[in-house]
Amino acid sequence: MYVSKFEASMATNFVIYLALGALLCLATASGEIVNTNVERTLDLTSQLVKTTTKISAEDSAGKPIVEYVFLTSEPSLAYIAVKDASDKSVPFKRNEPVKGEQSFTFTFPRAAAKQTFVVETVASKGIRPHPEEIRQNDKQFVRYTGNLHLYSKYRTTSQKTNVKLSSSNILSHTQVKPFSVSSNKITLGPYENTEAFSEDPLVIHYENSAPFVTVNTLERTLEISHWGNIAVQESIQMTHTGAKLKGSFSRYDFQKEGRSGLAALKSYKTYLPASASGVYYRDTNGNISTSNMNAVRDFIELELRPRFPLFGGWKTQYTLGYNVPSYEYMFNDGNKYQLKMHLIDHIYDNMAIDEATIKIILPEGSSDIKLSTPYSISRLPNELVHTYLDTIGRPVVSFSKSNLVESHISDFTLHYSFSKTSMLQEPLLVSGFIYIIFLFTIVFLRLDFSITSHAHKE
């Protein structure tokens, strides 16, 4: 059968069109995730960058969304949490960072073609002092640098950002229309049809007189006693990381003028458990008496005042300790024990901790130790510590965590086994020691060490 060249060409084109149509249908059927609406709220009133992002996403092909990949280029990201439309937590996992870009995969409990969820993040070093040095009576100005749009791997149909500042004194800010400024609030957007991976800068230069205080190291020690007490001790070293003090410090001006040293740390409030007792606050020089303790219904408010005001670049260190009854935090079933306490406690409002090390000293003879934490930590090798009346030593469980904020205040759970008969060890040691002393005393008193002379018989 003869087929002309024209007919062959037409058949070839027809096959190509069919293939292209099939590919187009396949692509349409697979669809893609699109952010239909994004509402961001940036809280820049303190030294932390607190971001709340409400995202409405849907699949263009109407297929159910099971996973969503969330991106962030914030290098100092300390905390992230996700909740769905019913305010329930959404599980997620952290992916391997690529070129300084962090990504998280959210897994929704219920797959749906449209998902609405809220992402809360806290960054610890997103705001920098500008200028970096100020005099004692100067105001502190800072600069925030971030993204104007939501940094996402998905296309965004509409988005708006609301920024809350600590002051209405705004020197400059990114001006991409539409935007509006009202007192200490900036509204940016709504912006339509933003492409994926959009990185337009958002820069805000404003006054922020909040003390920028960072805890460089926190060493928290919990000493567990089955005699009814838990001793808590925190050794803290902190630095004022705001604008450094330029020139000399004048105590006279600081006490005379109310506006002197606005960004300096004069005092702060620490919260302790309501049952805390025997509280002490001291440094290398001894006890610090400039503190006030106020018992509230659910906690104890402890106002700490350092020996000197903390200006930019200045450091201080101190030790805070107290006791709490063990029955509030320990539970047992026979020889099985469970300890449940805060991994870290509130040190000051909007706190930032660079590195925290937690040590848990268990009673001598504890075994089968299992630790469960609310977030990932770096487990340190177990060790032994010897205190009074110990023989083999007490086991110490140690772990560390970096870049912590107030949102990390959560409970850890520690399971271990301990024989109740081991509690008799220390009383028996004391009793045995006293018995030996008495026995030695009795023997000593019965010995006759006097020197006597005897007459010789002729």
Side-chain angles (χ1 to χ4, degrees), residues 27 30-44 48-61 63-85 88-109 111-128 144-163 174 176 188-204 375-376 402-405 407-408:
S30 63
E32 64 174 354
I33 296 177
V34 178
N35 299 324
T36 56
N37 188 58
V38 173
E39 295 182 9
R40 287 195 307 163
T41 301
L42 296 178
D43 185 348
L44 307 180
L48 304 176
V49 179
K50 303 177 182 179
T51 307
T52 303
T53 308
K54 183 179 180 181
I55 302 175
S56 298
E58 66 178 26
D59 191 280
S60 58
K63 300 180 67 176
I65 302 176
V66 180
E67 293 183 341
Y68 182 97
V69 178
F70 182 81
L71 304 179
T72 176
S73 57
E74 177 60 61
S76 58
L77 181 68
Y79 175 80
I80 182 171
V82 192
K83 293 185 177 180
D84 59 15
K88 295 182 179 180
S89 297
V90 176
F92 63 90
K93 67 176 182 178
R94 183 189 297 266
N95 304 320
E96 289 294 329
V98 179
K99 296 181 180 179
E101 176 185 287
Q102 300 185 65
S103 66
F104 302 85
T105 300
F106 305 155
T107 303
F108 300 104
K114 296 182 179 180
Q115 297 282 4
T116 300
F117 52 96
V118 177
V119 183
E120 296 181 357
T121 61
V122 181
S124 57
K125 292 178 172 57
I127 304 176
R128 299 291 184 179
Y144 165 76
T145 303
N147 286 328
L148 179 64
H149 306 114
L150 173 68
Y151 184 67
S152 174
K153 67 175 294 186
Y154 311 112
R155 182 171 54 86
T156 303
T157 304
S158 177
Q159 62 178 300
K160 184 174 69 172
T161 301
N162 298 310
V163 183
T174 298
V176 177
L188 302 162
Y191 301 118
E192 308 293 336
N193 299 321
T194 306
E195 294 297 325
F197 302 102
S198 177
E199 287 188 286
D200 293 329
L202 171 62
V203 181
I204 306 176
Y375 37 80
S376 61
S402 59
N403 201 10
L404 293 162
V405 292
S407 301
H408 285 106

Query raised in the report: Would Phe70 and Phe92 count as a close aromatic pair, with their ring centres under 6.0 Å?
Result: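 Distance test on ring centres: not under 6.0 Å, no.
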
Report task. Check whether the ring centres of Tyr154 and Tyr68 lie less than 6.0 Å apart, and answer yes or no. Result ->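 Yes, ring centres under 6.0 Å apart.
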
Return the minimal non-hydrogen interatomic distance between [X] and [Y], and the atom names on each side.
| X | Y | value |
| --- | --- | --- |
| Lys125 | Arg128 | O-NE, 3.7 Å |
| Leu77 | Asn403 | O-ND2, 3.2 Å |
| Val90 | Phe106 | CG1-CB, 4.2 Å |
| Ser103 | Val69 | CB-CG1, 4.3 Å |
| Tyr144 | Gly146 | OH-CA, 3.6 Å |
| Ser76 | Gly126 | OG-N, 3.8 Å |

Just wondering, do [Y] and [X] contact through their side chains at under 4.5 Å, heavy atoms?
| X | Y | value |
| --- | --- | --- |
| Val122 | Val49 | no |
| His408 | Tyr79 | yes |
| Val163 | Leu44 | yes |
| Leu48 | Val405 | yes |
| Leu42 | Asn162 | no |
| Glu58 | Gln115 | no |
| Thr156 | Tyr191 | no |
| Thr116 | Ile55 | no |

State the [atom1]-[atom2] distance between [X] and [Y], to the nearest 0.5 angstrom.
| X | Y | atom1 | atom2 | value |
| --- | --- | --- | --- | --- |
| Asp43 | Thr52 | CG | OG1 | 8.0 Å |
| Leu188 | Ile204 | CG | CD1 | 6.5 Å |
| Glu101 | Lys153 | CD | NZ | 9.5 Å |
| Ile65 | Phe108 | CD1 | CZ | 6.5 Å |
| Ser407 | Lys50 | OG | NZ | 7.0 Å |

**Report entry** Verdict with reasoning, Arg94 to Gln102, per side-chain contact (heavy atoms from CB on, under 4.5 Å)
**Finding:** CA-CA 8 Å; Arg94 183 189 297 266; Gln102 300 185 65; 2.7 Å; yes

Which donor-acceptor pairs under 3.5 Å do the side chains of residues 192-202 make with protein atoms, sequence neighbours left out?
unit_1	atom_1	unit_2	atom_2	d
Thr194	OG1	Gln159	NE2	3.1
Ser198	OG	His149	ND1	3.3
Asp200	OD2	His149	ND1	3.4

**Report entry** CA sep, side-chain torsions, deciding dist, call: Thr121, Thr72, side-chain contact (heavy atoms from CB on, under 4.5 Å)
**Finding:** CA-CA 10 Å; Thr121 61; Thr72 176; over 6 Å; no

Ignoring hydrogens and geometry, is there a side-chain-to-backbone donor-acceptor pair from [X] to [Y] under 3.5 Å?
| X | Y | answer |
| --- | --- | --- |
| Arg40 | Leu148 | yes |
| Asn147 | Tyr151 | no |
| Thr174 | Val203 | yes |

Query raised in the report: How about Thr157 and Asn35: does a side-chain donor come under 3.5 Å of a side-chain acceptor?
Result: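 Their side chains do not contain a donor-acceptor pair, so the 3.5 Å distance test is not met.
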
Query raised in the report: For Lys83, what residues pass the salt bridge (charged side-chain N to carboxylate O under 4.0 Å, His left out) criterion, not counting sequence neighbours?
Result: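 If we apply the salt bridge (charged side-chain N to carboxylate O under 4.0 Å, His left out) test to Lys83, skipping adjacent residues, the hits are Asp87.
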
